[in-house]
Amino acid sequence: QVVALYFARSAELAGVRSEIISVPQQLTSLQLWEEIVKRHPRLAAIQDQVVFAVRQEYVILGDQLLVLQSGDEVAIIPPISGG
């Protein structure tokens, strides 16, 4: 089980700021994203722009293998606009 943290637009689309989710211990970042989108289909709208932070390190969606430990934090970070 990992803690998913949603920020800005991802929190709006998911309707939650955080939750505990059960995922395999080893999976790719894209598989993790797919697991999250199964729970919150509206998040698919930001797939091309989103990045993860796993244990506070940025991860790009793709075939990068993640090895998760119970209690790890996975942050879902949408694009941030500023000026």
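Everything numeric in this text was worked out from a predicted model, so none of it was measured. Along the sequence shown, residues are numbered consecutively beginning with 1.
For the pair I77 and F52, the minimum side-chain heavy-atom distance is 4.5 Å or more. In this structure, I21 and Q1 have side chains that are not in contact, with every pair of non-hydrogen atoms separated by 4.5 Å or more.
Annotation: side chain to side chain donor-acceptor pair (under 3.5 Å) contacts involving residues 56-76, sequence neighbours excluded, comprise R55-D72. Within the structure, the ring-ring contact (aromatic ring centres under 6.0 Å, His included) test picks out no pair touching residues 9-29 (sequence neighbours left out). Pairs passing the salt bridge (charged side-chain N to carboxylate O under 4.0 Å, His left out) check and including a residue from residues 12-23, sequence neighbours excluded, read R9-E12, E19-R39. Residue pairs that meet the ring-ring contact (aromatic ring centres under 6.0 Å, His included) test with at least one member in residues 7-30, sequence neighbours left out, do not exist here.
Nearest approach of V74 to L32, heavy atoms of both residues: CG1-CD2, 3.8 Å.
Under the 30°/60° scheme for interplanar angles, the aromatic rings of H40 and Y6 are found to stand perpendicular.
Listed by chain and residue number, nothing satisfies the salt bridge (Lys or Arg N to Asp or Glu O under 4.0 Å) test with E34 (two or more places apart in sequence, or in another chain). Listed by chain and number, the residues in a side-chain contact (heavy atoms from CB on, under 4.5 Å) with T28 are L30, Q31 (sequence neighbours excluded).
For S10 (side chain) and I76 (main-chain N/O), a donor-acceptor pair under 3.5 Å exists by modelled atom type. Judged by distance alone, with hydrogens and angles left aside, the side-chain atoms of S29 form a donor-acceptor pair with the main-chain N or O of I60 at under 3.5 Å.
Tracing side-chain contacts under 4.5 Å through hydrophobic residues (I, L, V, M, F, W, Y), one reaches V16 starting from V50; they form part of the same cluster. Connection of L61 to L5 is not established within any shared hydrophobic cluster, with ILVMFWY side chains joined at heavy-atom distances below 4.5 Å, either directly or through further cluster members. Hydrophobic clustering keeps V3 apart from V59 (ILVMFWY residues linked when any side-chain heavy atoms are closer than 4.5 Å, directly or through intermediates).
To the nearest 0.5 Å, the span separating CD on Q26 from CG on L65 amounts to 5.0 Å.
The number of heavy-atom neighbours closer than 6.0 Å to CD1 of I20, taken from other residues, nucleotides and ligands shown, is 12 or below.
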